[in-house]
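Order of the sequence lines fixes the chain letters, A, B, ..., with proteins taken first and strands second; residue numbering starts at 1 for each chain. Predicted model only: the values in this text are computed from it and were never measured.
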Amino acid sequence: MERRVIVIAGPTCSGKTTLAIEVAKELNTEIISADSRQIYKYLTIGTAKPTKDELKKVPHHLIDILNPDEDYSASKFENDSLGIIEKLHHNGKIPVVAGGTGLYIHAVLQGIFEGVDTDPEYRSYLNKLRDQYGDEYIYEMLVKTDPQSAEKMLPQNWKRVMRALEVYHLTKVPIWKHQEEYVRELDLEFYFYGLEWERDVLYKNIETRVDLMVEQGLLNELKSVLSKGYQPNVNALNTVGYKELIPYLNNEYSLQRAIELIKRNTRRFAKRQFTWFRRYADIQWMKVGCSDDITRIKDEIISKL
RNA sequence: GGGCAGAUAGCUCAGUUGGUAGAGCAAAGGACUGAAAAUCCUUGUGUCGGCGGUUCAAUCCCGUCUCUGCCCA
């Protein structure tokens with residue numbers, strides 16, 4: 001029974017898509033996208049989805065599965081991706097998981113503790129409290145209910161504070177305890193790779209790609225999503241490339257400024273991705289200097305199986 | 001060729017009536033367990049253009065050179 005899984009991580013614009021396709025083609029297998037934005041339909045240019053041609057070469061999973069106003073989560077991703085992995089294994093294939101969403105990659109590799117769903121009603125209640133009384137207020141709520149978790153967080157980081165409150169609200173057990181007790185037993189063998197670039201080269205590529213996205217009609221793509229009736233504040237549009245263009249459409253600044261911001265925010269995003277992936281001791285970093293290296297890396301990955 | 005104004009952090013600049021300097025932006029490092037392209041935290045040593053001089057002490061004053069901009073020939 002097959003139990004191997006190839007995982008390809010790395011920052012945005014690092015060549016994950018191309019590499020994954022080359023590997024999958026050679027192994028005659030399929031790709032699972034670990035990308036919290038490519039999940040959404042209509043966000044195509046700005047999320048640098050694989051092209052139609054590329055999608056034709058190799059079957060892809062978890063791309064274009066949601067409307068922009070639908071919710072998703074790391075835990076759903078874990079379930080969905082593990083389900084697909086199981087099916088592929090059943091067919092004797094080695095799945096290729098590729099993507100840049102650190103938490104999703106984490107969900108596949110190690111899992112997210114189970115059993116505590118989101119509670120939209122409670123979240124909107126907390127959001128209201130926060131709007132009215134500020135970060136400190138909800139943080140104090142956490143200090144009272146789950147001081148141990150509160151100690152590890154700052155009041156400003158309200159998203160984490162809210163999640164901790166939510167978990168306690170639903171289970172009466174602090175989040176750190178759930179985390180501590182959670183053990184996932186899965187018989188999978190991961191081959192975990194990260195793509196590494198010289199920082200300034202990657203940044204230059206990012207800028208070129210942003211210009212290309214604009215040329216390809218990023219702005220029209222956003223307008224078309226909005227014209228379908230999706231609100232500018234949906235989670236899907238809180239995405240680099242789109243969130244900077246919305247104020248431009250509202251005449252808050254120039255298009256040139258928006259493009260600058262997209263480039264800067266993409267750079268910062270790439271940096272955060274490096275920070276996230278550096279935490280894994282078992283990641284094998286593959287140095288990339290130009291797009292030709294991808295084929296070489298593909299060969300190396302396959303030879304190590 | 002002459003005159004004037006500049007030259008300080010990666011960039012744009014501020015500043016020190018002489019005691020070796022600080023903002024914004026950019027950038028770097030970090031956190032992250034069901035919103036994660038999200039949400040947050042931390043970080044400013046730089047021959048103050050070069051070389052001389054004055055001074056206990058020069059980024060600051062003086063001289064000179066180089067470069068940049070403007071003006072006059």
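Atom C1' of nucleotide A31(B) and atom CZ of Arg268(A) are separated by 17 Å, given to the nearest angstrom. Nucleotide C32(B) holds its P atom 12 Å from the CD atom of Gln110(A), rounded to whole Å. Distance CZ (Phe77(A)) to C1' (A35(B)): 16 Å, rounded to an integer number of Å. Summarising the geometry, the separation between OH on Tyr139(A) and C1' on U39(B) is reported as 15 Å, rounded to the nearest angstrom. In this entry the distance linking CG of Leu66(A) with C1' of A37(B) reads 16 Å, nearest Å. Atom pair Lys271(A):NZ and C40(B):P shows a separation of 15 Å (rounding to whole Å applied). Rounded to an integer number of Å, the gap from Lys49(A) NZ to A37(B) C1' is 13 Å. Separating the CZ atom of Arg267(A) from the C1' atom of C11(B) is a distance of 12 Å, rounded to the nearest angstrom.
Rounded to whole Å, the separation between the P atoms of U45(B) and G3(B) comes to 39 Å. When the P atom is compared between A58(B) and G52(B), the two are found 13 Å apart, to the nearest whole Å. Remark: the separation of the C1' atoms in G63(B) and A27(B) is 40 Å, to the nearest Å. Taking atom P on both C65(B) and G2(B), the two are 9 Å apart, rounded to the nearest angstrom. Comparing the P positions of U42(B) and C51(B) gives a spacing of 39 Å, expressed to the nearest Å. G46(B) and G22(B) are spaced 11 Å apart, taking the C1' atom of each and rounding to whole Å. Atom name P, nucleotides A28(B) and C13(B): the rounded distance is 24 Å, in whole Å. C60(B) and U17(B) have their C1' atoms separated by 10 Å, given to the nearest Å.
Look at Glu2(A) and Lys93(A) and you find no salt bridge, because none of the NZ, NE, NH1 or NH2 atoms lies under 4.0 Å from a carboxylate O. Under a 4.0 Å N-O distance rule, the pair Lys263(A)/Glu260(A) does not qualify as a salt bridge. The pair Arg267(A)-Glu207(A) meets the salt-bridge criterion, since a charged nitrogen lies less than 4.0 angstrom from a carboxylate oxygen. The pair Lys177(A)-Asp146(A) does not count as a salt bridge, with every side-chain nitrogen at least 4.0 angstrom from each carboxylate oxygen. Residues Arg4(A) and Glu189(A) are not paired through a salt bridge, judged by the lack of any N-O separation under 4.0 Å between the basic side chain and the carboxylate. Salt-bridge check for Arg296(A) with Asp293(A): passed, with a basic side-chain N closer than 4.0 Å to an acidic carboxylate O.
Residue contacts shown for Thr239(A) include a base, since a base heavy atom lies under 4.0 Å away. Using a 4.0 Å heavy-atom cutoff across all strands shown, Tyr72(A) reaches sugar-phosphate atoms only and no base atom. When heavy atoms are screened at a 4.0 angstrom cut-off, Gly241(A) is found touching no nucleic acid atom at all. When heavy atoms are screened at a 4.0 angstrom cut-off, Phe274(A) is found touching no nucleic acid atom at all. Within the nucleic acid shown, Leu103(A) comes within 4.0 Å of at least one base atom, counting heavy atoms only. Among the protein residues, Glu114(A) comes within range of the nucleic acid bases, having at least one heavy atom under 4.0 Å from a base atom. In this structure, Asn265(A) reaches neither bases nor backbone, as no heavy-atom distance under 4.0 Å exists between it and the strands shown. Contacts of Met153(A) with the nucleic acid, taken as non-hydrogen atoms under 4.0 Å apart, are absent.
Not one side-chain nitrogen or oxygen of Ser73(A) sits closer than 4.0 Å to the OP1 or OP2 atom of A35(B). The phosphate of U33(B) has OP1 or OP2 within less than 4.0 Å of a side-chain N or O from Arg160(A). The side chain of Asn79(A) contributes no N or O atom lying less than 4.0 Å from OP1 or OP2 of G34(B). Put simply, Arg184(A) has no side-chain N or O that comes within less than 4.0 Å of OP1 or OP2 on U33(B). Between Trp276(A) and A31(B), a side-chain N or O to OP1/OP2 separation shorter than 4.0 Å is absent. Contact between the side-chain N/O atoms of Tyr122(A) and the OP1/OP2 oxygens of A35(B) is not found at any separation under 4.0 Å. Checking the phosphate oxygens (OP1, OP2) of A37(B), no side-chain nitrogen or oxygen of Thr12(A) falls inside 4.0 Å.
Distances were taken from every side-chain heavy atom of Ile175(A) (C-beta onward) to each of G34(B), C40(B), A31(B); the shortest belongs to G34(B). Distance from the side chain of Tyr104(A) is smallest to A36(B) among G29(B), G34(B), A36(B). Checked against U33(B), C25(B), G30(B), the side chain of Arg264(A) finds its nearest nucleotide in C25(B). Checking G34(B), A27(B), A37(B) against the side-chain heavy atoms of Glu166(A) singles out G34(B) as nearest. Of all nucleotides listed (C41(B), A37(B), C32(B)), A37(B) comes nearest to the side chain of Val240(A). Distances from the side chain of Arg272(A) to the nucleotides C32(B), A31(B), C41(B) place A31(B) closest. The side chain of Thr118(A) approaches G34(B) more closely than any other nucleotide in the set G34(B), G29(B), A37(B). Of the candidate nucleotides U39(B), G34(B), A37(B), A37(B) has the atom lying nearest to any side-chain atom of Thr47(A). When each of G34(B), A35(B), U39(B) is scored by its nearest atom to the side-chain atoms of Asn238(A), the top-ranked nucleotide is U39(B).
Using cut-offs of 30° and 60° for the angle between ring planes, the His106(A) and Tyr280(A) rings count as tilted.
The salt bridge (Lys or Arg N to Asp or Glu O under 4.0 Å) with Asp64(A) is formed by just one residue from the set Arg37(A), Lys52(A), Lys49(A); it is Lys49(A).
Nucleotides of RNA chain B nearest to Arg130(A) and Asn127(A) differ in position, and the one nearer the 5' end is that of Asn127(A).
Base pairing analysis places U55(B) opposite nothing; no Watson-Crick or G-U wobble pair with both distances below 3.5 Å involves it. In this structure U45(B) sits in no base pair that meets the Watson-Crick or G-U test at under 3.5 Å. Judged by Watson-Crick or G-U wobble contacts below 3.5 Å, the nucleotide U39(B) has A31(B) as its partner. Base pairing of A5(B) is made with U68(B), judged by Watson-Crick or G-U wobble geometry with both donor-acceptor distances under 3.5 Å.
A cation-pi contact, defined as under 6.0 Å to the ring centre and within 45° of the axis, is absent between Arg272(A) and Trp276(A).
Between the base of A35(B) and the side chain of Arg123(A) there is a donor-acceptor pair shorter than 3.5 Å.
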